[in-house]
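Structure first, then comments.
Everything numeric here is computed off the predicted structure, so don't read it as measured data.
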Amino acid sequence: QVQLVESGGGSVQAGGSLRLSCAVSKYTYSMYCMGWFRQAPGKEREGVATVDADGHGTTDYGDSVKGRFTISFGNAKNTLYLEMNSLKPEDTAMYYCAAELDCSDGLGSVFGYWGQGTQVTVFS
């Protein structure tokens, strides 16, 4: 069964950093593409980053976060991270971890499994 549990959200001043974590079962990791998405109040959900868990680790990033955010797996391969640097107030949103069998389309892939989300607030 796919289970995704996010943590690490909080409030941070603009220019600061946060690292989000997503606890992932080993079974899930071995089969699925993983991603981070976000949704701000009144806005549509936005793709942040995806990583293919097939060993190649192919990544895809949204234009608004390229060069600032990094998606990665931990050494134990059962935690997905999103390292967020140079945060801006416009990064404020609920951040969700997601999983799916295939993400050959990167952020354009359709994800079927979602966590409950963790809130990130960036103040100026």
(request) Please name all residues satisfying ring pair (Phe, Tyr, Trp, His ring centres under 6.0 Å) with Tyr113, sequence neighbours left out, ordered by chain then number. (result)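 Counting only residues at least two positions away or on another chain, Tyr113 forms a ring pair (Phe, Tyr, Trp, His ring centres under 6.0 Å) with Tyr32.
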How far apart are the closest heavy atoms of [X] and [Y], and which atoms are they?
| X | Y | value |
| --- | --- | --- |
| Ser21 | Trp36 | O-CH2, 3.6 Å |
| Phe111 | Gly35 | CE2-N, 4.0 Å |
| Phe69 | Tyr61 | O-CE2, 3.2 Å |
| Ser17 | Ser86 | OG-N, 4.4 Å |
| Gly115 | Tyr96 | O-CD2, 3.6 Å |
| Ala49 | Leu82 | CB-CD1, 4.5 Å |

As an exercise, state the distance from [atom1] of [X] to [atom2] of [Y], rounded to the nearest 0.5 Å.
| X | Y | atom1 | atom2 | result |
| --- | --- | --- | --- | --- |
| Ile71 | Asp60 | CD1 | CG | 9.5 Å |
| Leu80 | Glu6 | CG | CD | 9.5 Å |
| Glu44 | Gln39 | CD | CD | 8.5 Å |
| Ser124 | Glu90 | OG | CD | 10.0 Å |
| Cys97 | Gln116 | SG | CD | 11.5 Å |
| Thr79 | Leu20 | OG1 | CG | 12.5 Å |

(message) Less than 4.5 Å apart, side chain to side chain, heavy atoms only: is that true for Gln119 and Thr92?
(response)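 Counting from C-beta outward, Gln119 and Thr92 do come under 4.5 Å.
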(message) Are Ser109 and Thr50 packed together at the side-chain level, in the sense that at least one heavy-atom pair is separated by less than 4.5 angstrom?
(response)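 Side chain of Ser109 against side chain of Thr50, heavy atoms only: no contact under 4.5 Å found.
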Linking I/L/V/M/F/W/Y whenever any side-chain heavy atoms sit under 4.5 Å apart, do [X] and [Y] land together?
| X | Y | result |
| --- | --- | --- |
| Tyr81 | Val5 | no |
| Met84 | Phe73 | yes |
| Val48 | Leu107 | no |

(request) Examine distances only and state if a side-chain atom of Glu83 and a backbone atom of Arg19 form a donor-acceptor pair shorter than 3.5 Å. (result)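 Absent.
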(message) Is it true that Ser64 and Glu46 share a donor-acceptor pair across their side chains at a distance under 3.5 Å?
(response)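 Present: a donor and an acceptor within the cut-off.
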(message) Between Lys88 and Asp91 (salt bridge meaning N to carboxylate O under 4.0 Å), is one present in this structure?
(response)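 Not counted as a salt bridge, because no side-chain N and carboxylate O are separated by less than 4.0 Å.
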